[in-house]
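These notes concern the structure reproduced below.
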Amino acid sequence: MVTPHEIAEYIKNVPPLPDTLRKTLDALQHGELADAAKIAAGDPAMMHYLKQVVNSAAYGFRNELKDASQIFSALGIERAKQLLYAYMVTLIAPKKWRYFTLDSKGFTQFQTALMRRWEKIVKKESEEEKYLSGAAIMSAGLVVADAIFGDHASDVALLRESGDYDLDTILERVSHLRFDRLVTTIAEKWEIEEDVKRLVTLAFGKEDCEIDDHVCRLARMLHLLLFYELSRPLMLDAGANVFIRFNTEFADPVFDTFQEIVGIE
Amino acid sequence: MRPVIKKQKIAFFSPQGFLDGNNASQLITVQDMQALKSSNVSMVLVSMKKVIFFNKNGISIVLDALTKMHKEMKVIIGFCDYNRKQYDAFFKFFEGDVSFSLFKTLDIAMLFTGGNEAKGEEESVLIYNDDATQRSMQAIEIFDRGYNPVVVQTLDDFTARAEDKEKFVEIVDRTYLGLMGNRIAAKTRGNCVIYYLKGFLDGSVTEQFDVMYHQNSLKVGFQLFMFDATRVSSLNIHAANFFSKLSTAGAEHGALIAIVGLDMERTPRAFVDELEDAGIMFFENETDFFTDEIVQSMSGGGAAVKKEKHKLTKPVVARLPVLVSSTMDTLQMMTSMMALKEDMKIQPFEPRGNDLMASSIAFYGDIEGMVTLVMPREMVQKSCTLLIGEESDDTNVLADALSELVNIVAGKSKTQLQEQGVNINITLPRSYVSIDDLHATLEGMQGVQVNFSFEDYPFTFYLSP
C-alpha cells in the first residue's frame, strides 16, 4: 500500500506559505488590518476565495463585501487569519478528489461550516481568538488523507469490508505514521503558532490530556465538532466519516457544553 | 456507508459521531442493501460504539432500512456495542415496543448467529435480563445454538456469578431479542459442522436449512456433518426425504452425515431404514459420535468414502494469473514485503518450510476451485498485523486473522474476475493450524502449486479442484 517514503515525499512537496500570504499574515500579526488588506488585494486568487467565502450564507453579512478593505475590516484580525489558512489548505487540496467523493465546492462548504461553528465555540468558551485558526488547519487532514489513499481506494474498501478500520488506523499500521503528526508537520511548515499547533495535534483524539488544561478542553471540542461536520450528509456520502477514529471517551466530558453551544436537539 | 462483514454471518454498519434525522438516511443506502442481499449474512446491525449522539428521528430512519432488510432477507436486525444510557434510550424512544434486537457487544451477537467455533464440549453462557420472558427467550436461543445456558434471576446473583468469567464462553446481559430468524443454527467444532434441530421436523426444514452454508462447508473440505436431534420430537416423510437427498449430494464430496440423539421410539422404522440406506449414521449421543471409529478416521479431514476426483478445468487455469496476482498484491500490501516467484508446477500439494499455517477458500459460479495459501506462522503474524493491530502469538487469533486475509484475497480476486466478465461467489474461509489436516483435505488432488518467497519466508499458493 502506501510507504513511509511516499508519504515523506508528499509532505516534503507541500509548499510553504506563498509570499503574499505570508506578508498579509505578518501585517495581521502586527495588528495592521489596512496594510493586510492592501497586500491581499494584490493576489486575485486569494481575493476570489475570500470574497466567495465571506459572501456565502454561512457568514450572513447583510451587504456584499466587494473589496479587500471591506472584507478585512468585517472579519477582524483573527478571523481573517483563519480564512487565510483555510485558503492555504485549498491551495494544497486536489482539483479532483480521488479517495473522498468530494469536489472543491463541497470541501469549501465543509471547511466553512467547521470554521463558523468553531468561532461560536471559541467565543462561548471565552478563549483567545488565536485558536480560531485551529479548525482551518484541521481541515488539511482530509486533503492529506485523499493524497495518501487516492491510489488505494479499492484496497481500503476491501480492508474495510473485513474490519472496522478508519484511514488513520490503516495508515498507522502500514507506515507507523498518523494524520495528527502529518498535519502538525504541515502546520510547522506554515509557521503556525505553537499553542494552535498543539490544539490541532490534540484534536485528533490520539493523545490523552488533562481536561483542566484549557487547550485540552478546546481540543476535545474541536474533535467533537470535526465529527459533527463529518456526520453531515455531504461528508457521509463522501466517505469522510472514516477519516480518523472518533474517540468518544475523549469527547464525552465536553459533550453537554458542545450540545448547548451548537444547538443539537 | 459500506458495512463490515464478520465471518460471513453478521454485517454491521459503524457510523462515527452523530446520528440524527438529517444524516441517518445516508447510513444504509439502497446500494448497501443490494450488496447485502447477495452476502447471505444472517444478521444486520448498527454498531453504536462510536456514536455520541442519536435521536428518535435518526434511529427511526435507520430502522426503516433495517426492517426492509428483515422482510426481504429474513435477517435478524438491530443494534450493538451500546452503553447503558443508549440501551435505555432505545426503550424510551419506542415506549417498550421494541421489535428489533439489541446486543451489548458484537461478540454476543455472534453467539446468536452461531458464528463462533466451538472450543470445547460443554460451553456455558451466563444470561441475565430483568425481564423473565427475555431471559427464557435468550436461554432457548442459546441452547438451540449448542451452548449450555446458565440463567440467573436477580442482578445480585448475576454480579456474583459473572465474577467467575473463566467458567463462561460469554456473559450475556443488557441484551434484548426482537424478531429472530428461523434458520437452523450451525457451528463448527474442529473438522465437524454441527446443526441444531428442534421440534417436529417437516417440509419446512428445507426453508430453515441454510443450503448455501452447507454447500460452502463441503467446498472448503468439511466432511463431517452432525445433526443434533436431541430436541426433535419426530419427523415426517418430507424431512426424511430432505436428509436423504442431503446425504446423497454430500457423498460426491466424501461427506458423512450423522443424526445424533433422535428419539427412535417416536420415529417410524421405515424412515430410519431409508436414511441408513442413504448413508446416514445414527448415534445415541454426541460422545458416541465423536468416539466412533469411522468418524475419528475422518477427523483429520480425510474421507472414509473416497472423494470423487475432480480435475482443474481449462477455464479455471486460464484465470490463474488473476488469482495469483490478487493474492500477491494483497500480501505485498499487508506485509510491505516484496515477493519473488520461484516456480510453478501441476502437482499434489507439497509443503515447504516449518511451522506452517494455511487457509483455504473455495469459489464457485462461472469457474470453480479452491485456493489455499500456506505460509510459516511467523509470516502469518507479519501479514496480519494490519488486521489485528499488533503481532500476536495466540493461535486462535492468528487463525482468525489468516481467514480474514484469505477472505480479502478472495474478495479482490472476485472483483478482478468480474471486470473480465467472470462471476464467482466465495465460501467461508477455513484455516488450518496443522499442515497434516490440510494434507488430508488435499489428498489425492492434482493442483497448481506456485511457490514464492517473501524475503526469507517460503510462501505457497495452491489452486485445487
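In the text below, chain A, chain B and the rest are named by the order of the sequence lines, each starting its count at 1. Quantities reported herein were computed from a predicted structural model and do not represent experimental measurements.
- Judged by distance alone, the side chain of Q16(B) and the main-chain N or O of I244(A) form a donor-acceptor pair under 3.5 Å.
- Heavy atoms from other residues, nucleotides or ligands lying under 6.0 Å from CD of E9(A) number more than 12.
- The contact between Y228(A) and chain B is made by backbone and side chain atoms together, counting heavy-atom distances below 4.5 Å.
- Of the two parts of D252(A), the backbone and the side chain both hold a non-hydrogen atom closer than 4.5 Å to a non-hydrogen atom of chain B.
- Only the backbone of I388(B) comes within contact range of chain A, judged by heavy atoms closer than 4.5 Å.
- In this structure, chain B has no heavy atom under 4.5 Å from any part of E172(A).
- Chain A forms the most heavy-atom pairs under 4.5 Å with one residue out of R2(B), K50(B), K6(B), and that residue is K50(B).
- Proximity to chain A is limited to the side chain of D20(B), based on heavy atoms less than 4.5 angstrom apart.
- For K412(B), the parts lying under 4.5 angstrom from a heavy atom of chain A are both the backbone and the side chain.
- Of all heavy-atom pairs between V174(A) and M333(B), the closest is CG1-O, 4.4 Å.
- Put simply, CZ on F18(B) and CG on L224(A) are 5.0 Å apart, with the number rounded to the nearest 0.5 Å.
- Separation of atoms CD1 (I52(B)) and CZ (F255(A)) is listed at 5.5 Å; rounding is to 0.5 Å.
- One finds the CG atom of L158(A) at 11.0 Å from the NZ atom of K414(B) (value rounded to the nearest 0.5 Å).
- N22(B) touches chain A through backbone and side chain together, each having a heavy atom under 4.5 Å away.
- The residue among R245(A), Q259(A), E161(A), R160(A) with the most heavy atom pairs within less than 4.5 Å of chain B is E161(A).
- The residues D164(A) and K49(B) are annotated as not salt-bridged, no charged nitrogen and carboxylate oxygen being separated by less than 4.0 angstrom.
- With chain B as the partner, the residue from P233(A), G163(A), S175(A), A157(A) showing the most heavy-atom pairs under 4.5 Å is P233(A).
- Residue L387(B) touches chain A through both its backbone and its side chain, counting heavy-atom pairs closer than 4.5 Å.
- Of the inter-residue distances, the one linking D329(B) atom CG with D155(A) atom CG reads 7.5 Å to the nearest 0.5 angstrom.
- Here the CG atom belonging to L230(A) is positioned 11.5 Å from the CG atom belonging to N23(B), to the nearest 0.5 angstrom.
- The shortest heavy-atom contact between I408(B) and S162(A) is CD1-OG, 3.3 Å.
- Contact between L386(B) and Y165(A) at its shortest, heavy atoms only, is O-CE2, 4.1 Å.
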